[in-house]
Amino acid sequence: EFRRVLFRSSISQARDSIAGRPQFEPFVEEMRQRVDTALNPGKEGLAAKIAGALNKVAFIYYLGGASSALLQPLSIIQTGLPVLSRYGTINANREFMRAMAIWKTLGVWRKNADGTESFVAPSLEFSKNLNQDERLAVREMISRDVTTSTYANAVFNYKNTPTDKLSGPVTQFGKDVVNVTVLGGLMHSTERLTREMMYLMSYRLNRQAGKTHAEAVDQAVIDTNEAMGNYGEYNRPTFMKGAVGKGLTQFMKIGRAHV
């Protein structure tokens, strides 16, 4: 409910800011439609489900192999470092070498409230080598969906699986194995870890440049989306969200995410 109030207030402010300038009204209306779609997605029709199924089949056929997932970290060098070079090439490479240690410090066991431990996917969220400000930055990263906005997630929509749809431990383990080995789970995980690494590098560089915590978080979000792409549904044109658009423009999401 808080997000609805916040977004509606932002739309109202945007309308006030263009008073007397009708040429900007289409932009505000497009923003309103995207906000409404994000807050009230509605149920998918049969055509949209068919298009989604075809997208999944194409993803598995072209990108479902382990090699695609294992190559994901290279994007840090290909697209991440060029973006971070704005803070100085030497500084960017120094943070890159420092961030490489992340792959050894990610925790995979989470302690529950009752004292038991659960196995969870590796994430910066469970890393023990972060200071207090960096932990706060990681929480911001999670709340803004910065690292879950991956191409695999755009196709398989992982985070929208309701908890009441989960099965018992044994059955769920079997489903998770199929998810990781066949249904893009490995691709999503390596994409997510790469985005987390990019985010932390940017945050640290911005703090070193003298920015406040809030400013560094905002810029880290911008840098991550610029380097790794923003696959969020709100970042797609209306046509690409419909059944026909989903089917015809599946792989155009990759190029669109970097615009």
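A distance of 11.5 Å separates CG of L84 from CZ of R94, quoted to the nearest 0.5 Å. Here the straight-line distance linking atom CG of L130 with atom OH of Y203 works out to 10.0 Å at 0.5 Å rounding. Separation of atoms CG (L205) and OG (S85) is listed at 10.5 Å; rounding is to 0.5 Å. The CE atom of M197 sits 5.0 Å away from the CD1 atom of I76 when rounded to the nearest 0.5 Å.
The nearest pair of heavy atoms linking E29 to R15 is OE1-NH2, 4.0 Å. A pairwise comparison of heavy atoms in S123 and R192 identifies CB-NH1, 3.5 Å as the closest pair. When all heavy atoms are compared, the tightest approach of T194 to S75 is CG2-OG, 3.3 Å. In this structure, I77 and P82 approach most closely via the heavy-atom pair O-CD, 3.5 Å. Across all non-hydrogen atoms, the minimal contact from E196 to L124 is OE1-N, 2.7 Å. Taking all atoms of both residues into account, the shortest heavy-atom contact from G80 to A227 is CA-CB, 3.9 Å.
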Show every donor-acceptor pair shorter than 3.5 Å between a side-chain atom in residues 16-25 and any protein atom, with sequence neighbours excluded, or say none if there are none.
{"from": "S17", "atom 1": "OG", "to": "A14", "atom 2": "O", "distance (Å)": "2.6"}
{"from": "R21", "atom 1": "NH2", "to": "S17", "atom 2": "O", "distance (Å)": "2.4"}

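Side-chain contact of Q219 with S202: a donor-acceptor pair under 3.5 Å is absent, judged by distance alone.
No donor-acceptor pair under 3.5 Å is formed between the side chain of E95 and the backbone N or O of M201. T212 places a side-chain N or O within donor-acceptor distance of the main-chain N or O of E215, the cut-off being under 3.5 Å.
In this structure, K211 does not pair ionically with D218, as no charged nitrogen and carboxylate oxygen lie closer than 4.0 Å. Ion pairing of R86 with E226 is present here, as a side-chain N (NZ or NE/NH1/NH2) and a carboxylate O approach within less than 4.0 Å. Taking 4.0 Å as the cut-off between side-chain N and carboxylate O, R139 and E125 do not count as a salt-bridged pair. A salt bridge links E140 with R144: the distance from a Lys NZ or Arg NE/NH1/NH2 to an Asp or Glu carboxylate oxygen falls below 4.0 Å.
Using a 4.5 Å heavy-atom cutoff, the side chains of D223 and N206 are in contact. Counting heavy atoms from C-beta outward, R195 and N225 have side chains that approach closer than 4.5 Å.
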**OP:** Could you check V83 against M198 for side chain to side chain contact (heavy atoms under 4.5 Å, CB included), going step by step and ending with a plain yes or no?
**Re:** CA-CA 10 Å; V83 170; M198 175 69 191; 4.1 Å; yes
**OP:** Just do the side chain to side chain contact (heavy atoms under 4.5 Å, CB included) check on R204 and E134 with the steps written out, would you?
**Re:** CA-CA 8 Å; R204 286 173 170 172; E134 289 170 352; 2.9 Å; yes
**OP:** Verify side chain to side chain donor-acceptor pair (under 3.5 Å) between D114 and T116, making sure each step is shown before the conclusion.
**Re:** CA-CA 6 Å; D114 60 1; T116 60; 2.6 Å; yes
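Y199 meets the ring-ring contact (aromatic ring centres under 6.0 Å, His included) test with no other residue; sequence neighbours excluded.
Cluster membership check: Y87 shares its hydrophobic cluster with M100, using side-chain heavy-atom separations under 4.5 Å among Ile, Leu, Val, Met, Phe, Trp and Tyr. A continuous path of Ile, Leu, Val, Met, Phe, Trp and Tyr side chains, each step under 4.5 Å between heavy atoms, connects V146 with I142, placing both in one hydrophobic cluster.
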